Amino acid sequence: MSEIKAETTHHHPLIISEPDVSDQQEKSHLKTQRLASLDIFRGLAVALMILVDHAGGDWPEISHAPWNGCNLADFVMPFFLFIVGVAIALALKRIPDRADAVKKVIFRTLKLLFWGILLQGGFSHAPDELTYGVDVRMIRLCGVLQRIALSYLLVSLVEIFTKDVQDKDQSVGRFSIFRLYCWHWLMAACVLVVYLALLYGTYVPDWQFTIINKDSADYGKVFNVTCGVRAKLNPPCNAVGYIDRKVLGINHMYHHPAWRRSKACTQDSPFEGPLRKDAPSWCHAPFEPEGLLSSVSSILSTIIGVHFGHVIIHTKGHLARLKQWVTMGFALLIFGLTLHFTNAIPLNKQLYTLSYVCVTSGAAALVFSAIYALVDIWNLKYPFLPLAWIGMNAMLVYVMAAEGIFAGFINGWYYGDPHNTLVCFLFIISYILHSFLWELRKFLYVQFCNLSWKFQSLVDNIH
């Protein structure tokens with residue numbers, strides 16, 4: 001999406017070096033083609049989002065981890081931010097005029113914010129209800145697209161305003177590329193220092209909240225949460241939630257946080273279920289998984305993606321690119337897992353911790369490298385055509401599928417009663433089919449067990 005896919009209205013060049021030629025011959029044989037792996041990786045991220053949004057309730061193993069940990073759904077956002085970074089590096093290199101580049105970046109950022117508020121602010125009630133509208137006193141201010149907008153804007157501006165320095169120094173090499181883009185890494189260091197200082201240095205006092213959901217049995221009830229601590233990374237007393245409550249306001253935060261599936265909150269954990277009668281008070285509270293401080297940390301994922309785009313620009317060989325990518329990918333992965341398993345910094349998507357940044361960015365690096373090798377080197381594009389199409393139409397697919405707009409459109413056509421829709425009919429058919437397949441599975445299992453028993457008896461009789 002230009003938002004999720006950043007600058008994909010431009011063709012991203014893949015510079016391919018011909019083997020066994022001199023430098024002069026190599027320059028004469030360079031050719032440019034679209035970087036298919038970028039579209040496919042973006043399509044994979046969108047497809048994963050659709051999968052976990054629709055199947056996560058039935059398979060909690062792929063849904064967001066309730067708190068610490070990292071499931072399949074927790075890789076989606078960092079994958080988006082990573083590939084946005086790659087696209088930034090490739091696209092902005094071809095806009096020579098700085099003012100024109102800034103205008104385009106600001107316009108795309110505003111477009112992202114608009115769609116983010118519209119789709120995730122509560123205005124659309126699709127696909128469950130055929131209504132729209134939201135009380136502005138309770139509109140959700142943060143979301144997926146808003147987080148991408150922040151990272152896209154800040155990293156793009158750094159890329160634009162340091163372009164002259166990069167053009168003057170075109171030296172390449174494994175480590176010289178870090179020196180060439182030192183301003184990006186200085187920004188990353190500043191982001192990390194600010195994030196860690198606020199995360200571990202902010203004092204979190206006791207707080208309270210009121211249930212505002214009129215459909216809840218606890219409507220109007222006031223809950224108190226005891227904290228009075230700093231440097232805690234638990235659900236009720238972390239600095240991320242505290243800053244969001246003070247700046248955004250608790251009514252403008254996400255009212256169905258993943259922590260409600262934790263063992264402390266529900267007996268049905270890891271599935272969703274009613275809250276325990278003895279559940280801690282914070283189980284009833286909102287929490288913003290795309291909040292302000294965690295969005296600051298998420299900028300790091302985009303900066304790492306930009307570095308991968310820079311490698312494409314300055315490194316003219318497939319093997320050399322892959323060596324840099326895979327090395328950095330494994331380094332990030334190992335460092336992040338070490339932080340987590342030594343209990344230094346846990347993996348946590350809700351807080352967007354440093355270990356989470358490293359593990360998910362390392363995974364994105366390795367997946368992108370694998371797709372690059374399969375598609376752009378070995379030219380195995382046909383198996384990935386569906387993902388490539390999704391990647392090139394990411395915003396459309398995101399709005400229609402991930403945000404339920406298409407399902408809401410289908411639900412708008414019903415017979416007699418709004419509940420008699422095509423979607424309901426399909427759900428009934430799928431339930432019947434699922435029941436049939438389950439019974440068939442049990443029947444085949446019984447028959448297999450009987451055959452195994454008879455075969456064993458026959459063998460015993462022979463002996």
Side-chain angles (χ1 to χ4, degrees), residues 63-71 73-74 77-78 140-142 147 189-211 221-266 269-270 275-276 278-301 335-360:
S63 187
H64 291 292
W67 193 244
N68 290 338
C70 198
N71 295 344
D74 298 311
M77 170 60 77
R140 184 185 176 193
L141 297 176
C142 296
R147 171 169 286 180
C190 292
V191 165
L192 184 59
V193 168
V194 170
Y195 170 76
L196 292 177
L198 291 175
L199 182 67
Y200 289 101
T202 302
Y203 176 78
V204 181
D206 299 344
W207 54 285
Q208 67 177 24
F209 62 96
T210 304
I211 302 297
K221 186 176 180 179
V222 177
F223 287 91
N224 295 290
V225 182
T226 303
C227 289
V229 295
R230 69 177 80 244
K232 291 292 184 181
L233 303 184
N234 57 13
C237 301
N238 61 81
V240 172
Y242 171 69
I243 292 174
D244 288 337
R245 290 190 296 272
K246 298 299 289 185
V247 178
L248 301 175
I250 199 166
N251 290 348
H252 298 288
M253 296 165 62
Y254 186 54
H255 288 270
H256 304 282
W259 72 30
R260 292 195 176 187
R261 294 188 288 106
S262 64
K263 292 181 180 179
C265 295
T266 178
S269 178
L275 296 180
R276 303 165 60 108
D278 59 344
S281 56
W282 53 264
C283 291
H284 300 264
F287 183 83
E288 184 51 71
E290 277 79 42
L292 299 175
L293 184 55
S294 57
S295 292
V296 170
S297 176
S298 70
I299 296 171
L300 297 171
S301 298
F335 181 64
L337 291 175
T338 301
L339 289 176
H340 176 71
F341 287 107
T342 57
N343 297 318
I345 302 177
L347 283 168
N348 192 298
K349 188 264 182 188
Q350 321 294 326
L351 305 179
Y352 221 102
T353 56
L354 176 60
S355 58
Y356 174 75
V357 171
C358 293
V359 168
T360 54

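Everything numeric here is computed off the predicted structure, so don't read it as measured data. This chain uses plain numbering: 1 for the first residue, then up along the sequence.
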A.B. asks: Any donor and acceptor pair, going by atom type alone, linking the side chain of Ser269 with main-chain N or O of Arg261 inside 3.5 Å?
C.D. replies: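 Judged by distance alone, yes, a pair lies under 3.5 Å.
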A.B. asks: Let me confirm one number: the OG-CH2 distance from Ser281 to Trp207, rounded to the nearest 0.5 Å.
C.D. replies: 7.0 Å
A.B. asks: Going through the checks in order, is the side-chain contact (heavy atoms from CB on, under 4.5 Å) test met by Thr360 and Asp74?
C.D. replies: CA-CA 8 Å; Thr360 54; Asp74 298 311; 5.7 Å; no
A.B. asks: Rounded to the nearest 0.5 Å, what separates atom NZ in Lys221 from atom OG1 in Thr210?
C.D. replies: 11.5 Å
A.B. asks: CG of Asn238 to CG of Leu199: how many Å apart, nearest 0.5 Å?
C.D. replies: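 If we round to the nearest 0.5 Å, Asn238:CG and Leu199:CG are 7.5 Å apart.
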A.B. asks: Quick one: list whatever passes disulfide (SG to SG under 2.5 Å) with Cys358, sequence neighbours left out.
C.D. replies: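 Checked Cys358 against disulfide (SG to SG under 2.5 Å); zero matches.
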A.B. asks: Checking side chain to side chain contact (heavy atoms under 4.5 Å, CB included) against Trp282, which of Cys265, Pro257, Cys227 comes through?
C.D. replies: Cys265
A.B. asks: Of all heavy-atom pairs between Ala258 and Ala65, which one has the smallest distance, and what is that distance?
C.D. replies: CB-O, 3.8 Å
A.B. asks: Taking the side chain as every heavy atom from C-beta outward, state whether Ser297 and Ser294 have any atom pair closer than 4.5 Å.
C.D. replies: no
A.B. asks: Contact between Asp206 and Asn224 at the side-chain level, heavy atoms closer than 4.5 Å - yes or no?
C.D. replies: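 The answer is no; the side chains never approach within 4.5 Å.
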A.B. asks: Which pair of non-hydrogen atoms, one from Leu337 and one from Val359, has the smallest distance, and what is that distance?
C.D. replies: N-CG2, 3.6 Å
A.B. asks: List the atom pairs, donor and acceptor, that lie under 3.5 Å between side-chain atoms in residues 345-353 and the rest of the protein, sequence neighbours left out.
C.D. replies:
| unit_1 | atom_1 | unit_2 | atom_2 | d |
| --- | --- | --- | --- | --- |
| Asn348 | OD1 | Gln350 | N | 2.9 |
| Asn348 | OD1 | Leu351 | N | 2.8 |
| Asn348 | ND2 | Asn68 | OD1 | 2.9 |
| Lys349 | NZ | Glu290 | OE2 | 2.6 |
| Tyr352 | OH | Ser301 | OG | 2.9 |
| Thr353 | OG1 | Pro346 | O | 2.7 |
| Thr353 | OG1 | Asn348 | N | 3.3 |
| Thr353 | OG1 | Ser355 | OG | 3.3 |
| Thr353 | OG1 | Tyr356 | N | 3.4 |

A.B. asks: Does Pro289 reach the side chain of Met77, with side-chain heavy atoms less than 4.5 Å apart?
C.D. replies: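 Answer no - side chains too far apart.
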A.B. asks: How long is the straight-line distance from CG of Leu293 back to OH of Tyr242, given to the nearest 0.5 Å?
C.D. replies: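 Answer rounded to 0.5 Å: 13.0 Å.
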A.B. asks: Testing the basics here: between Ser298 and Ser295, what is the closest heavy-atom pair and its distance to 0.1 Å?
C.D. replies: OG-O, 2.6 Å
A.B. asks: Hey, are the side chains of Arg140 and Glu288 touching, using non-hydrogen atoms and a 4.5 Å cut-off?
C.D. replies: yes
A.B. asks: Who are the disulfide (SG to SG under 2.5 Å) partners of Cys70, not counting sequence neighbours?
C.D. replies: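 Expected list: none.
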A.B. asks: Going from CG on Leu275 to CZ on Arg260, what distance comes out if it is rounded to the nearest 0.5 angstrom?
C.D. replies: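 Atom-to-atom, Leu275:CG and Arg260:CZ are 6.0 Å apart.
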A.B. asks: At what distance, to the nearest 0.5 angstrom, does CD1 of Ile299 lie from CG of Leu192?
C.D. replies: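 Result: 11.5 Å between the selected atoms.
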A.B. asks: For Trp67 and Phe287, take the angle between the two ring planes, folded into 0 to 90°, and tell me which bin it lands in: parallel under 30, tilted 30 to 60, perpendicular over 60.
C.D. replies: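 If you compare the ring of Trp67 with that of Phe287, the planes turn out perpendicular.
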A.B. asks: Before giving the answer on side-chain contact (heavy atoms from CB on, under 4.5 Å), spell out for Val204 and Arg245 the whole-Å C-alpha distance, their side-chain angles and the decisive distance to 0.1 Å.
C.D. replies: CA-CA 11 Å; Val204 181; Arg245 290 190 296 272; 4.1 Å; yes
A.B. asks: Identify the two heavy atoms, one from His255 and one from Asn251, that lie closest to each other, and give their separation to 0.1 Å.
C.D. replies: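 Closest heavy-atom pair between His255 and Asn251: NE2-O, 3.4 Å.
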A.B. asks: Around atom CZ of Phe223, are there more than 12 heavy atoms from other residues, nucleotides or ligands closer than 6.0 Å?
C.D. replies: yes
